[in-house]
Amino acid sequence: MTQTIVIDPVTRIEGHAKISIYLDNDGSVRDAQFHVTEFRGFERFCIGRPFWEMPAITARICGICPISHILASAKAGDALLAVEIPPAADKLRRLMNLGQIIQSHALSFFHLSGPDLFLGYESDPAKRNIFGLIAAEPDFARGGIRLRQFGQEIIEALGGRKIHPAWAVPGGVRSGMSAEVRAAFRQRLPEAMDVTRNALARFKTVLDASDEEVTSYGFFPSLFAGMVTPEGNWEHHGGKLRVRDAEGQILADQVKADDYQQLFGEASEAWSYLKFPYYQPLGYPDGIYRVGPLARLNVCDQVGTPLADAELTEMRQRAGHRMVTASFYYHYARLIEILAALELVTQLLDDPELGSSVLRADAGVNHLEAVGCSEAPRGSLFHHYQVDKNGLITYLNLIIATGQNNLAMNQTVAQIARHYLRGDRLEEGLLNRVEAGIRAYDPCLSCSTHAVGQAAFAISLIGPDGRVVDHAVR
């Protein structure tokens, strides 16, 4: 007989979920399950819609990372048209994706995980939030808010609004960026750089004091997947797929998005609406892999920008291995990616082609099936469409980054519970540490499960006789 702890709902994440922790008769943790309990069904109700509408429709999956869906969908649309978009349009899409990475990573680090990292996991829960961080460290918190604002305003300058811009379309984009707007953003780059480098310095002091968290917050071997350039550099929009194992061996490289099904399969479990992607050659569940900022920095050989490359070298040295397998380092990787994004934004703002009026390739339906892939802040995002000769969607499959981290998140919850659970009661420290382990992945559950209308996170503890011993709602 076993006991089960259920955490329901989980707080400071994007979306809704609960956790069950199962105990053996001796009180040790046997297993843990990260349940995603809501469903909205975008993959079904988009059938019959014109693929031209898909960037705008799928953007509504989420208000945190709509840009990722817009860009992946537009890329699938490009392939259905069988066109190569104008160079200026590609650069502008890249710039918008960099703005998305900056704003989303800043939200994750400062707003969602910052209260744990800088106020303490067992600090007063009434103050362990962004407002508590503002009260304790106003300049630091304000810098994080300004950094996120910088990324959002890049998106707004390109698309006309910060959320759900009707801008990227099959074949290109709707508008460029004037020289005056580019100049205004160049003036703000030094502040964004200073905030990011200060956050890196601050995080390293936390890391130095977090050996226990490093070794218990998702510290295990797995595969890692993400896009790279042909040279093996870090890529966020337009590369090809690479998979490495925990020792650094490349298992697959330069795989086109169209061939993603050769790499990744999708399993399901009765206790969650979140799918369980896995690496096909190893099968389910042995083919566990991780995506997102840590995975991207693991699969690439180098970033390709000087400041981020120096930080990547230091991160690998601190971890003691070329492959960093501790999920606590996702926070570190996020900051390195913000730094890389700011370096690339600096380069792009100096490109006069961003003001070009040649921004779209026109064509009709030339292919009936296509896959668009872009690196969302949380990892590789796939939009797989099939259409009829009129361009109406007949099949749609979305593989979301958070789903690809599903096996890893479940393993992380179990590892944290085994390390920190004492007895059969849900103490505040355990509750928040389990949640913090999930927050390291920065899950976007609206994207992954299309959740709506419920509380954020809950945990239950269930005894050997199936009785709920303890329960907590957050």
So, R418 side chain and R30 main chain: donor-acceptor pair closer than 3.5 Å or not?
yes

Ignoring hydrogens and geometry beyond distance, is a side-chain donor-acceptor pair present between H236 and N97 at under 3.5 Å?
yes

Sequence neighbours excluded, which residues qualify as salt bridge (charged side-chain N to carboxylate O under 4.0 Å, His left out) partners of R290?
none

Pairwise side-chain contact, E122 with N432, heavy-atom cut-off 4.5 Å (strictly under)
no

Going by the salt bridge (Lys or Arg N to Asp or Glu O under 4.0 Å) test, which pairs reach into residues 326-341, not counting sequence neighbours?
R296-E337

With no hydrogens and no angle check, do the side chains of Y329 and H331 hold a donor and an acceptor under 3.5 Å apart?
no

Can you find a heavy atom in the side chain of M323 that is under 4.5 Å from one in the side chain of R244?
yes

Going by atom types only, do H384 and Y260 share a side-chain donor-acceptor pair under 3.5 Å?
yes

For F203, enumerate each residue passing the ring pair (Phe, Tyr, Trp, His ring centres under 6.0 Å) test, keeping only those at least two apart in sequence or located in another chain.
F328, Y332

Is a donor from one side chain sitting under 3.5 angstrom from an acceptor on the other, for Y441 and S327?
yes

With a 4.0 Å cut-off on N to O distance, would you call E156 and K162 a salt bridge?
yes

Charged N-O contact under 4.0 Å between R242 and D301
yes

Does the side chain of D194 come under 3.5 Å of the side chain of N198 through a donor N or O and an acceptor N or O?
no

Are the side chains of R146 and E191 in touch, meaning some heavy atoms are under 4.5 Å apart?
yes

Return yes if some donor-acceptor pair links the side-chain N/O of R378 with the main-chain N/O of D442 below 3.5 Å, else return no.
yes

Under a 4.0 Å threshold between the charged nitrogen and the carboxylate oxygen, would R188 count as salt-bridged to E153?
yes

Does a side chain donor of either Q33 or N410 reach within less than 3.5 Å of an acceptor in the other side chain?
no

Minimum side-chain heavy-atom gap Y284-L407 below 4.5 Å
yes

Indicate whether the side chain of R433 and that of Y121 have a donor and an acceptor atom separated by less than 3.5 Å.
no

Any donor-acceptor pair under 3.5 Å linking the side-chain atoms of T229 with those of E235?
no

Do other residues, nucleotides or ligands put more than 12 heavy atoms under 6.0 Å from the OH atom of Y395?
yes

Ignoring hydrogens and geometry, is there a side-chain-to-backbone donor-acceptor pair from K75 to C373 under 3.5 Å?
yes

Lys/Arg N to Asp/Glu carboxylate O, K275 vs E269, below 4.0 Å:
no

Check this for me: does any side-chain nitrogen of one of R318 and E311 sit under 4.0 Å from a carboxylate oxygen of the other?
no

